[in-house]
Amino acid sequence: MENIQVTLPDGSVKSVTAGSTPLDVAKGIGQRLADDCIVARVDGNLWDLNRAFDGDAKLELLTTKNPDALEVYRHSTAHLLAAAVLELFPGTKLGIGPPIETGFYYDFDPAEPFVPDDLEKIEKKMWEIQARDLPYERQYMEKEKGLVMYKDQPMKCELITEKADAVFSEYTLGPHFIDFCRGPHVPSTKKIKAFKLLSIAGAYWKGNDKNAQLQRIYGTAFFSKKDLDEHLLKLEEAKKRDHRKLGQELDLFSIQELAGPGLIFFHPKGGIVRKQIEDWMRDQYLKRGYSLVYTPHVMRADLWKTSGHLSHYAENMFAGMELDDAEYRLKPMNCPGHILIYRDKLRSYRELPVRLGELGTVYRYERSGTMHGLLRVRGFTQDDAHIFCTPEQIESEVVSCLEFAFDTLRAFGFEKFEAEVSTWDGGVSGKYDGTADLWELAEGALTRATKRLGINAPVIPDEAAFYGPKIDVKLLDALGRKWQLSTVQFDFTLPRRFGLEYVAEDGKKHQPVMVHRALYGSIERFFGILVEHYTGAFPVWLAPVQVAVLPITDRQQDYARTVHQKLIDAGFRSEFDDRKEKVNLKIRDAQMQKVPYMLVIGDREAEAGTVAVRHRKHADLGVKPVDEFIAMLREQVQSKSTAD
RNA sequence: GCCGUUGUAGCUCAGCUGGUAGAGCGCGUCCUUGGUAAGGACGAGGUCACCGGUUCAAUCCCGGUCAACGGCUCCA
């Protein structure tokens, strides 16, 4: 037998006998490495550790430090899940079971739907199989034979028919489990050390809502118990931060069954926070050359015909209202309203760009089952603005929109962002509106703008709206979760549909370019994200109650009241707790409401004209004269400090 | 819209194979005037989501509706 040459990443070459596997090479280097290895990369392809080399090869051994290895590991855990399900529920039909960003899932079609208790049973069975130390073995099957072999697994047959080569690979796990699969996998179940099944959900076969629905089991897996526990802790933490839970605990907002799903009631405390959010944006509009407009919530259906919404978007609109003169529709978007204002008079190039901004409440008929707290609703308010400009102005407008967006997100305490540019498909499919030179112009402006600002923004082809390219900004919150918020979108369609014009230098009429942009996106959604980002402990400038004044006994009531009044007069949001309760309880309540400052007032303070300051996080800050406290508070509010 | 789960006081939940309900917190009254995260006593709150069926009898079983939750699909 001839030897084969295996080149390692450091350039060294190992000579091994033909038929050797990556695991053999790893063992040759050291048992520790062999133990740590999950999978190999051979000539750039992921490869089972126990799969023999075809010939000379470049080899990389992937250990638990490699993200690709984690994917393989999770994929193997998904197979383990499927094997457990088949042992417990023979006859269950298998769908697919891939790794995902946070773990893995496997889709099943069981005779009886799984119930939550089954998760525990299945997980137990998985550990049982894991303990058997079963190998994942790669085998090969001819397509024709395979279709017969898998005749009891209709979904697998479908996949084999569609995807398999004439000879395809499959993986066994022990004597009873076999799955059509490209692999690779870990060598044996003993490699799998930490996993947990998380939930059961419904999912359409092949992601198509025309197909039958399967039972999907989600789980997660990590190389170590420690990593798994950390991840589970993070999930717990996210649950505690859930804006729906905090919204109720802090009395910020509610959704009323009598009123309907997806419609938000802002309570007094949520209302104050929302006012801060809105005021900030309106002030910025005026500072940055936007005008503030208001447009009606219901408008004639004819308007929505002109805009094209009734032909493209009708299923997302609330049904029409037949009035005496015509049919009316609730607005799902603000654009047509702004367009009517633009179009109300003849515009000169001298007044461009025209930037019309509104905090516009729109209603969209989201399908039942899609609503989610404040994040997906049927009525929401966009910080919406439309910029009408000349083609030459596009780039600088995009730059200032992006600057505006980043300033906005930073103001609310977000530090990390990502941006991406969505472009068309070059016109091949015909599903995009507008001419090639317009797309080129706009896409060029977007990418140049990101470069000018030094933003790394990947370009994603064929992801644009049909009416123009766009750039989306995502933020990363305190838990590192991504949220898509700000968007800047070109629109080649509406200016044409509404026949928008401006008179240029040449005295002729030209069509302006239109840009849609929203920075919060939806105020409701932004509010929800803020609640989660801060776990409800809003920075002082946003906090619904900034100060709680807490007299210890009735003797200090009068003095405490003057302190409270002084705060109110100075423009702060102070709450006076004059209940006949112990100060411990008052502190506890203020603490649980996440009030930033508590002023404890006893005889000593009343005597000296001071307050004992307690901070929600840093606890006792000591005694200060009232004016000194007010000055400190003023500084924090004015600077909109987000430090706690 | 689809699959699955859930729906009991303002909130969080308990309620054993059907006999019209209970706790803690909160709320009210009273006592306690107490220095940095829960003082005590008493009391008032519920058509057990809604509609229908089975039954002598339904919070409990069955069917439907609505809503919430976990997801899927969708989000020009």
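Source: prediction; values computed, not measured. Residue numbering restarts at 1 for every chain, and letters A, B, ... go by the order of the sequence lines.
Counting any heavy atom pair closer than 4.0 Å across all strands shown, A:D554 reaches a base atom. Contact annotation for A:R604: base contact, defined as any heavy-atom pair under 4.0 Å involving a base atom. When heavy atoms are screened at a 4.0 angstrom cut-off, A:K586 is found touching no nucleic acid atom at all. Across all strands, A:A612 comes closer than 4.0 Å to base atoms (heavy-atom distances). Using a 4.0 Å heavy-atom cutoff across all strands shown, A:H309 reaches at least one base atom of the nucleic acid. Note on A:Y218: only backbone sugar-phosphate atoms sit closer than 4.0 angstrom, heavy atoms only; bases stay farther off. A:M598 comes within 4.0 angstrom of nothing in the nucleic acid, heavy atoms only.
Nearest nucleotide to the side chain of A:I587, out of B:A37, B:G35, B:C72: B:A37. Side-chain atoms of A:R244 lie closest to B:C69 of the nucleotides B:G34, B:C69, B:A67. Taking every side-chain heavy atom of A:R588 into account, B:A37 is the closest of B:G35, B:C74, B:A37. Considering only the side chain of A:V600, B:G35 comes nearest among B:C72, B:G35, B:A76. Distance from the side chain of A:Q248 is smallest to B:U12 among B:G70, B:U36, B:U12. Closest contact between the side chain of A:A201 and the listed nucleotides B:A37, B:G70, B:G35 involves B:G70. Candidate nucleotides B:C69, B:U33, B:A38 were compared by shortest atom distance to the side chain of A:L585, and B:A38 ranks first. You'll find that the side chain of A:R376 is closest to B:C75, out of B:G34, B:U36, B:C75.
Residues A:R364 and A:V115 each lie close to RNA chain B; by heavy-atom proximity, the contact nearer the 5' end of the strand is made by A:V115. In this structure, A:G602 and A:Q215 both approach RNA chain B, and ranking their closest nucleotides by distance from the 5' end singles out A:Q215.
Between A:Y106 and A:F108, the ring centre distance stays below 6.0 Å.
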